[in-house]
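Down below is the structure, laid out as structure tokens.
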Amino acid sequence: MTATPLPPEPARPDDVAPTDPEPSASPGADDAAATSPGASAAGAGELAPARGVDVVPAAPPRPVPQRPWTGQDFVWWNTAGVLTALRAGRRPNPVSPVVDPIRRAFAADEVMLATCDAEMLVWRRGDATYNPSRGFFLAGGPVGLALTAAFFGGQAYLNSRRKRAAEADAVEKWRHLAYARLTVSTHGIYLGTGEGVMSIAFADVQEVQLTGVGEVVMAAANASGSARWKLRGQWAELVLVMWACRYMPTHPQLVGRTWLPADWFVHAAAWGYAVDTSNWPRFQPQVLG
């Protein structure tokens, strides 16, 4: 014989709060119970389907832009793409909207990447254009001769009034040398003026140091001569990346990524220009043996 189930025992009066004679469930209690972890509409022994949000984590929201996206940001973004391509063993493509038609001077597979207006400066006393044979050209040779021909022509000396002003100025600092068109290639740089075009191979460059946005100090040398100058131009960071990636991959500004503003990666991602830096060089501390 099967026993008949008894109805649930009614609640005792002393279990009910005196201020609420008819207690009711709190709002949303049933919904909370239905959606609480472990709750499922499946019966005993059945598999409960998992919700999508429990299986695939939600992608982090895109950062909110804090400032406008500028032309300089595009320069940095394209330069970052060149670095990624170089580190992957690929030949980079041109990144400048306009590239001057410069004849290749260093290799058959050389690619002209970018062109912009630029300014060259030299560290010296007095008027830098008064006497180009001192301060900038340390030892003459092909580098010095090419610069002399391209930037000075036959105007090696100025009038006596300017000469006296130059001699009176004994302050040593970076001084204007010439305006030029800078073209950056995979193998070097080209500096063109109305007098001609000078080419400098990255293989001859001994130093590239970023000193500001769009500004690098360079030093070049070969068997016959050497020179040192400051170059200001929109693609100055590209010069640093191209040279350092090939000839000094441990360059502090390359591995430290200080050629970019500190918050630039977040800024780029906020505008939809995220950069893959997984193959970029990183600082590797040396272990002392």
Side-chain angles (χ1 to χ4, degrees), residues 75 78-79 82 91-124 128-158 174-210 214-247:
V75 169
N78 280 287
T79 301
V82 169
R91 185 175 63 179
N93 295 317
V95 293
S96 176
V98 177
V99 179
D100 288 354
I102 303 295
R103 180 182 177 184
R104 295 189 297 264
F106 304 120
D109 61 345
E110 182 179 6
V111 177
M112 303 298 168
L113 300 175
T115 299
C116 65
D117 292 329
E119 179 187 11
M120 290 188 68
L121 302 94
V122 291
W123 180 265
R124 57 162 296 136
T129 63
Y130 171 67
N131 186 356
S133 64
R134 295 181 181 178
F136 185 67
F137 308 121
L138 302 181
V143 175
L145 292 176
L147 284 170
T148 301
F151 296 112
F152 299 105
Q155 299 179 358
Y157 298 94
L158 304 178
W174 287 108
R175 299 179 182 274
H176 171 80
L177 175 66
Y179 293 109
R181 287 285 288 176
L182 165 68
T183 297
V184 185
S185 82
T186 52
H187 290 68
I189 65 173
Y190 297 79
L191 296 165
T193 69
E195 302 293 337
V197 178
M198 177 189 63
S199 57
I200 302 175
F202 286 138
D204 290 334
V205 174
Q206 294 180 311
E207 173 194 5
V208 179
Q209 183 80 12
L210 192 72
E215 182 181 278
V216 289
V217 170
M218 301 181 67
N222 53 32
S224 302
S226 60
R228 195 166 188 267
W229 66 94
K230 176 177 284 190
L231 186 63
R232 289 174 177 165
Q234 191 177 37
W235 292 102
E237 285 85 349
L238 181 61
V239 176
L240 168 69
V241 166
M242 290 302 305
W243 177 78
C245 192
R246 185 169 182 179
Y247 293 99

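Source: prediction; values computed, not measured. Along the sequence shown, the residues carry numbers beginning at 1.
Counting heavy atoms from C-beta outward, Val111 and Asp109 have side chains that stay 4.5 Å or more apart. At a threshold of 4.5 Å between non-hydrogen side-chain atoms, the residues Gln206 and Arg228 do not count as touching. Side-chain contact between Leu177 and Leu121: absent, with no pair of heavy atoms (C-beta onward) separated by less than 4.5 Å. Contact annotation: the side chain of Phe202 approaches that of Met242 to within less than 4.5 Å [non-hydrogen atoms, C-beta and beyond].
Residue Tyr190 holds its OH atom at 10.0 Å from CZ of Arg103, rounded to the nearest 0.5 Å. Within the model, atoms CG of Asp100 and OG1 of Thr183 stand 4.5 Å from one another, a figure rounded to the nearest 0.5 Å. Interatomic distance, CD of Gln234 versus CD of Glu215, reported as 14.5 Å (0.5 Å rounding). Note: Ile102 CD1 to Leu182 CG = 10.0 Å, rounded to the nearest 0.5 Å. Rounding to the nearest 0.5 angstrom, the gap separating the CH2 atom in Trp229 from the CG atom in Leu191 is 7.5 Å. Remark: Gln209 CD to Lys230 NZ distance equals 11.0 Å, nearest 0.5 Å.
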Verdict with supporting geometry, Glu110 and Ser185, side chain to side chain donor-acceptor pair (under 3.5 Å): CA-CA 7 Å; Glu110 182 179 6; Ser185 82; 2.6 Å; yes
Side chain to side chain contact (heavy atoms under 4.5 Å, CB included) between Arg104 and Met112, worked out: CA-CA 8 Å; Arg104 295 189 297 264; Met112 303 298 168; 4.0 Å; yes
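Checking side-chain atoms of Trp243 against main-chain N and O of Val208 turns up no donor-acceptor pair under 3.5 Å. Checking side-chain atoms of Glu119 against main-chain N and O of Gly233 turns up no donor-acceptor pair under 3.5 Å. Panel note: side chain Ser199, backbone Ala105; no donor-acceptor pair is recorded below 3.5 Å.
Trp174 and Trp123 have perpendicular rings, their planes meeting at more than 60° on a 0 to 90° scale where under 30° would count as parallel.
Minimum heavy-atom separation, Pro92 to Leu113: O-CD2, 3.8 Å. Heavy-atom minimum distance, Leu231 versus Met218: CD2-SD, 4.2 Å. The heavy-atom pair separating Ile200 from Met198 by the smallest distance is CD1-CE, 3.6 Å. Nearest approach of Gly214 to Ala236, heavy atoms of both residues: C-CB, 3.4 Å.
Applying the side chain to side chain donor-acceptor pair (under 3.5 Å) test between Arg181 and each of Asp117, Thr115, Thr193 identifies Asp117 as the sole match. A side-chain contact (heavy atoms from CB on, under 4.5 Å) with Val82 holds for exactly one of Val95, Asn93, Thr186; it is Val95.
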